[in-house]
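Quick notes on the structure that follows.
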There are 2 protein chains.
Amino acid sequence: MTGPARQVLKPGDTIGILGGGQLGRMLAMAAARLGLRCNVFSPDPDSPAFDVVQNAVCAEYADVEALEMFAADVDVITYEFENVPASAALVLAARKPVLPDYKILETTQDRLAEKDFVTGLGIGTAAYADVTSAQTLRAAIAKLGLPAVLKTRRFGYDGKGQVIIREGDDPDAAWEKLETRAAILEAFVPFEREVSVIAARGADGQVVCYDVTENEHRDHILKVSRVPAPVSDSVAGEARRIATSIADALNYVGVLAVEMFVVPGDGGATVLVNEIAPRVHNSGHWTLDGASVSQFEQHIRAIAGWPLAEPLRHGAVTMTNLIGHDVDDYARWLTVPGATVHLYGKRTALPGRKMGHVTVIEPR
Amino acid sequence: MTGPARQVLKPGDTIGILGGGQLGRMLAMAAARLGLRCNVFSPDPDSPAFDVVQNAVCAEYADVEALEMFAADVDVITYEFENVPASAALVLAARKPVLPDYKILETTQDRLAEKDFVTGLGIGTAAYADVTSAQTLRAAIAKLGLPAVLKTRRFGYDGKGQVIIREGDDPDAAWEKLETRAAILEAFVPFEREVSVIAARGADGQVVCYDVTENEHRDHILKVSRVPAPVSDSVAGEARRIATSIADALNYVGVLAVEMFVVPGDGGATVLVNEIAPRVHNSGHWTLDGASVSQFEQHIRAIAGWPLAEPLRHGAVTMTNLIGHDVDDYARWLTVPGATVHLYGKRTALPGRKMGHVTVIEPR
């Protein structure tokens, strides 16, 4: 079965968004600015994205009837998160175009498949090994050395589903703790900084990358992004080439983020890919205020079959996440000159929960 | 009867917006960015603002029951247009805070009252005279000379409700044409340019003005705004002082726009007030992309009882309205480097109808 033909949306047409978090919310607002409507599908009645659209569908991803009705009301479908169930994507893709192609998720939902894909493009990653048992874990440790990180192949995010194994730790205990049969061991990378590139790829194959962003994590969650990243032109160029290669190889339509490590070396720094996020990404939130066109609008343009923009950056930009009770400080942030405050409308500030972010621009 | 006490909103609280046009739409999106919800009240089922909120109330302004239910569901009420019926405002203000105070509308809905108010502050306007009959029109012409503009005192916008009277025209015919008993004659002002100042005034009395904007009208409708306006520092300072005086004198809470004429003179240019708009204004749309915080967000901050921002401008900004079939050109605008396209989601491109706008930023 082939899916419905690709099309170019007109103002007034409707985009279906799977997922109702802050990414869906910001996608819907970007679409509205372009005169496009959005319907949001999410199982969570408290979805932040529901607040900014007229048509919200609150149903489970396993609810085929709800998916069919959702598909009937929209012109194209996209998603705000990488763990869209394949069964739901299949139901939808038979009825309306789903962009980016959900088959990409088979690669990016699986850390092993993703690393195989990236290395297959001749792009470097941390050394890694497939782990399916305590026994294969021991073999992987023998090959990669310690410390190393054991990760579930699927459904990991923000540090969930991973265990660090150090010299002297018991590998069996680590294996038990992960509670999985499909894992990957990754060698530690002695990086000097973490960076990411947000790349948009249009339906016509045009790729536009934003400036390389430096990312600082705390407790495995992105805390601060700074752009431009303090890297050499050659490292920046390499990072953008990597993101472009990946977008091209996936025949991608929409925005993706490639998280990378910059590793110092005698012959200059090198760039290794850490992870691909097949969606708009937290490290691109600075583009909302720091660029003439945001990552959210680029994604909408791409899936609408519209031309991508060549975004203009307004200055040096710092984006700070408001995580958990950080958000209690919003009133102070409102008074910082040049700062723009974004709150996601979430009711409860749980630890580790992304409640909002702040962008501060320093003029050129 | 005194109204409900003024309050400070919390994220998650709800703002009621009267009016569902593009201004309401952009206000609602600014509120969402700050984690505030909006309910929109509008008699037009095709209201652009309905698309970006979960709760839309489609009812007439005379529907007291609908107004009461609307008031019950929100924490504060504001409006996107200056012709809110006083009866509706009364019903609402008895139940929830209405900001800006709707009593201000008694001044700004009436061209004569507005001019009396402005001149009472010692601020210049075009010479004007009250006109209630063909006879008083003749007396006014004798006093002010010709050419002059005869305008209805109430409900005029975008050139509607006005007639130019030139030397040799028949005043009686002009009077008949206007179909009113309450009018004002305004002397022609030999201005060198039209400018406006967008001013925000917080609940605490703080006033923040955006940079002075130059405005170019075609067929009485704003076509292009440019910021900064090419005026001297002293003219810019005077324009901002005038806007600040007006906001203070009205004890205003929210964003207002003051449209002004810059008139050349031997002792340097002077500034005359043309019109006050007690709301966010088309000539401030550039702030959405050209400043760190937009006029829409400033308005929301003010009515929420939150601190105003000191907005940072990103460069020289040009805002072009897409009027009527101008909007058919949106695809070309999408490809202009540094341009940001806004479409309002209106279904039909009628002549004179504001369908969207485009901001182009030239970096400093």
Side-chain angles (χ1 to χ4, degrees), chain A residues 8 10-12 25-26 28-29 31-38 48 50-56 288-294 297 301 304 306-315 327 330-332 334-347 355-356 359-364, chain B residues 8 10-12 25-26 28-29 31-38 48 50-56 288-294 297 301 304 306-315 327 330-332 334-347 355-356 359-364:
Chain A
V8 175
K10 304 174 304 300
R25 179 178 170 103
M26 292 186 273
M29 289 199 273
R33 240 178 49 160
L34 294 172
L36 296 162
R37 293 181 175 79
C38 288
F50 284 175
D51 288 342
V52 297
V53 296
Q54 195 46 228
N55 293 306
L288 275 173
D289 307 299
S292 57
V293 168
S294 74
E297 176 168 337
R301 286 175 177 235
W306 291 8
L308 300 180
E310 289 288 349
L312 181 77
R313 182 163 51 76
H314 297 317
V327 75
Y330 75 91
R332 188 183 64 76
L334 288 171
T335 65
V336 174
T340 315
V341 178
H342 297 252
L343 302 176
Y344 303 150
K346 298 181 183 178
R347 287 170 212 273
M355 302 298 294
T359 315
V360 178
I361 299 172
E362 270 178 74
R364 289 164 190 281
Chain B
V8 175
K10 303 175 305 300
R25 179 179 169 101
M26 292 185 273
M29 287 199 274
R33 240 178 48 162
L34 294 172
L36 296 161
R37 293 182 175 79
C38 288
F50 284 176
D51 288 342
V52 297
V53 296
Q54 195 44 230
N55 293 306
L288 275 173
D289 306 300
S292 56
V293 168
S294 74
E297 177 168 337
R301 285 175 177 235
W306 292 8
L308 301 180
E310 288 289 349
L312 181 78
R313 182 163 51 75
H314 297 318
V327 75
Y330 74 91
R332 188 184 63 77
L334 288 171
T335 65
V336 174
T340 314
V341 177
H342 297 252
L343 302 176
Y344 303 150
K346 297 181 182 177
R347 289 169 209 272
M355 302 298 292
T359 315
V360 177
I361 300 172
E362 269 179 75
R364 289 167 189 279

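Here is how names work: the chains are called A, B, and so on, in the same order as the sequence lines, proteins then strands, and each is numbered from 1. What you see is a predicted model; the values in this text were computed from it and never measured.
Arg301(B) meets the side-chain hydrogen bond (donor to acceptor under 3.5 Å, both in side chains) test with Glu297(B); sequence neighbours excluded. Asp51(A) pairs by the salt bridge (charged side-chain N to carboxylate O under 4.0 Å, His left out) definition with Arg25(A), Arg37(B), not counting sequence neighbours.
In this structure, chain A has a heavy atom under 4.5 Å from the backbone of Ala339(B), while its side chain stays farther away.
In this structure, Leu36(B) and Leu343(A) have side chains that are not in contact, with every pair of non-hydrogen atoms separated by 4.5 Å or more. Using a 4.5 Å cut-off on side-chain heavy atoms (C-beta onward), Val53(A) and Val53(B) make no contact.
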Q | Check against side-chain contact (heavy atoms from CB on, under 4.5 Å), Leu34(B) and Leu334(A) | A | CA-CA 10 Å; Leu34(B) 294 172; Leu334(A) 288 171; 4.2 Å; yes
Q | Pair Thr340(B)-Arg33(A), side-chain contact (heavy atoms from CB on, under 4.5 Å): steps then yes or no | A | CA-CA 9 Å; Thr340(B) 314; Arg33(A) 240 178 49 160; 2.8 Å; yes
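The greatest number of non-hydrogen atom pairs below 4.5 Å with chain A, out of Ala331(B), Ala32(B), Pro337(B), Gly345(B), is found for Ala32(B).
Ring geometry, His314(A) versus His314(B): the interplanar angle falls under 30°, so the pair is classed parallel (tilted spans 30 to 60°).
Listed for the Gln54(A) side chain is a donor-acceptor partner under 3.5 Å among the backbone atoms of Phe50(B).
Of all heavy-atom pairs spanning Ile361(B) and Leu312(A), the tightest one is O-CD2, 3.6 Å.
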